[in-house]
Peer 1: 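Can you keep this structure in mind? I'll have questions shortly.
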Amino acid sequence: MIAIGSDHGGVVLKEAIKEFLKQNGYEFKDFGTQPGVPMDYPDIAETVANSVVSGECDKGILVCGTGIGVSIAANKVKGIRAAHVTDVFSAKMAKEHNDAHIICLGERITGPGLALEIVRAYLEAEHLGGRHGRRVDKIMAIEDRQN
Ligand code: RB5
């Protein structure tokens with residue numbers, strides 16, 4: 001199950017991503033916002049990130065105006081690795097190397113055609129493990145040392 005969410009600055013792209021997910025047979029849960037309904041990006045980022053941490057969803061896609069706000073906020077949720085991506089190669093690497101739980105996109109930055117290819121690349125990628133897994137473990141160890 002893929003969690004998807006946006007603030008008002010990302011809702012048009014979120015709706016386009018939902019259509020893409022439907023057409024490609026992916027199951028998803030839309031946590032909002034709905035068109036015309038304002039939403040502060042930290043709120044939707046926390047909701048989507050929590051849905052992944054709890055196991056309700058396997059991965060997530062967040063959208064705001066730039067993708068920056070939702071990525072900063074989602075990464076504050078313990079256990080979450082959220083990657084702000086603006087190109088297809090980075091989207092693939094976000095999964096293969098960083099095992100990102102969530103990708104973050106900016107509606108005002110990335111056009112819909114590229115954004116959908118980014119989503120495709122992320123969803124089709126697999127984490128490579130091995131030395132990349134060791135480095136991901138080191139990321140999480142940093143988080144553990146903070147608490
Ligand atoms: C909302 O206006 C805008 O600040 C938000 O969508 C996002 O770009 C924040 O990082």
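Sequential numbering from 1 along the given sequence is applied to the chain's residues. Note that ligands are numbered from 1 as they come in the structure, with each ligand's atoms numbered from 1 the same way.
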Peer 1: For residues 24-34, run the donor-acceptor check on the side chains, cut-off 3.5 Å, and write out each pair with its distance to 0.1 Å, sequence neighbours left out.
Peer 2:
from  : atom 1 : to    : atom 2 : distance (Å)
Asn24 : ND2    : Phe20 : O      : 2.8
Lys29 : NZ     : Glu56 : OE2    : 2.7
Asp30 : OD1    : Lys14 : NZ     : 3.1
Asp30 : OD1    : Gly32 : N      : 2.8
Asp30 : OD2    : Lys14 : NZ     : 3.0
Asp30 : OD2    : Lys18 : NZ     : 2.8
Thr33 : OG1    : Val37 : O      : 2.7

Peer 1: Closest non-hydrogen protein atom to atom 10 (O) of ligand 1, residue and atom name please, with distance?
Peer 2: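 Protein heavy atom at minimum distance: Gly69 N, 2.9 Å.
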Peer 1: Which of the atoms in ligand 1, numbered in the order shown and given with their element, are less than 4.0 Å from a heavy-atom of Asp7?
Peer 2: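 Heavy-atom distances to Asp7 below 4.0 Å select 1 (C), 5 (C), 6 (O).
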Peer 1: For atom 8 (O) of ligand 1, grab the closest protein heavy atom and report residue, atom and distance to one decimal in Å.
Peer 2: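 Here the nearest protein heavy atom works out to Thr66 N, 3.0 Å.
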Peer 1: In ligand 1, which numbered atoms sit nearer than 4.0 Å to a non-hydrogen atom of Tyr41?
Peer 2: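 Ligand 1 atoms under the 4.0 Å threshold to Tyr41: 5 (C), 9 (C).
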Peer 1: Do the non-hydrogen side-chain atoms of Thr66 and Arg108 ever get within less than 4.5 Å of each other?
Peer 2: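 They are not in side-chain contact.
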Peer 1: What I want to know is whether Gly67 and ligand 1 share at least one N or O pair that is separated by under 3.5 angstrom.
Peer 2: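 No: no nitrogen or oxygen of Gly67 is under 3.5 Å from one in ligand 1.
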Peer 1: Do the side-chain N and O atoms of Asp87 and Ser90 include a donor-acceptor pair separated by under 3.5 angstrom?
Peer 2: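 Result is yes, a qualifying pair exists.
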Peer 1: Is there a path of hydrophobic side-chain contacts, each under 4.5 Å between heavy atoms, that joins Ile103 and Leu116?
Peer 2: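 Yes, same cluster.
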Peer 1: Less than 3.5 Å between some nitrogen or oxygen of Gly65 and one of ligand 1, yes or no?
Peer 2: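 Yes: some nitrogen or oxygen of Gly65 is under 3.5 Å from one in ligand 1.
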Peer 1: So, are Asp144 and Lys78 salt-bridged, with charged N and O less than 4.0 Å apart?
Peer 2: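 Yes, charged N to carboxylate O under 4.0 Å.
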Peer 1: Kindly check if the number of other-residue, nucleotide or ligand heavy atoms within 6.0 Å of CD (Glu46) is above 12?
Peer 2: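 12 or below, so no.
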Peer 1: Going by heavy atoms, is Glu107 under 4.0 Å from ligand 1?
Peer 2: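 So Glu107 does not count as touching ligand 1.
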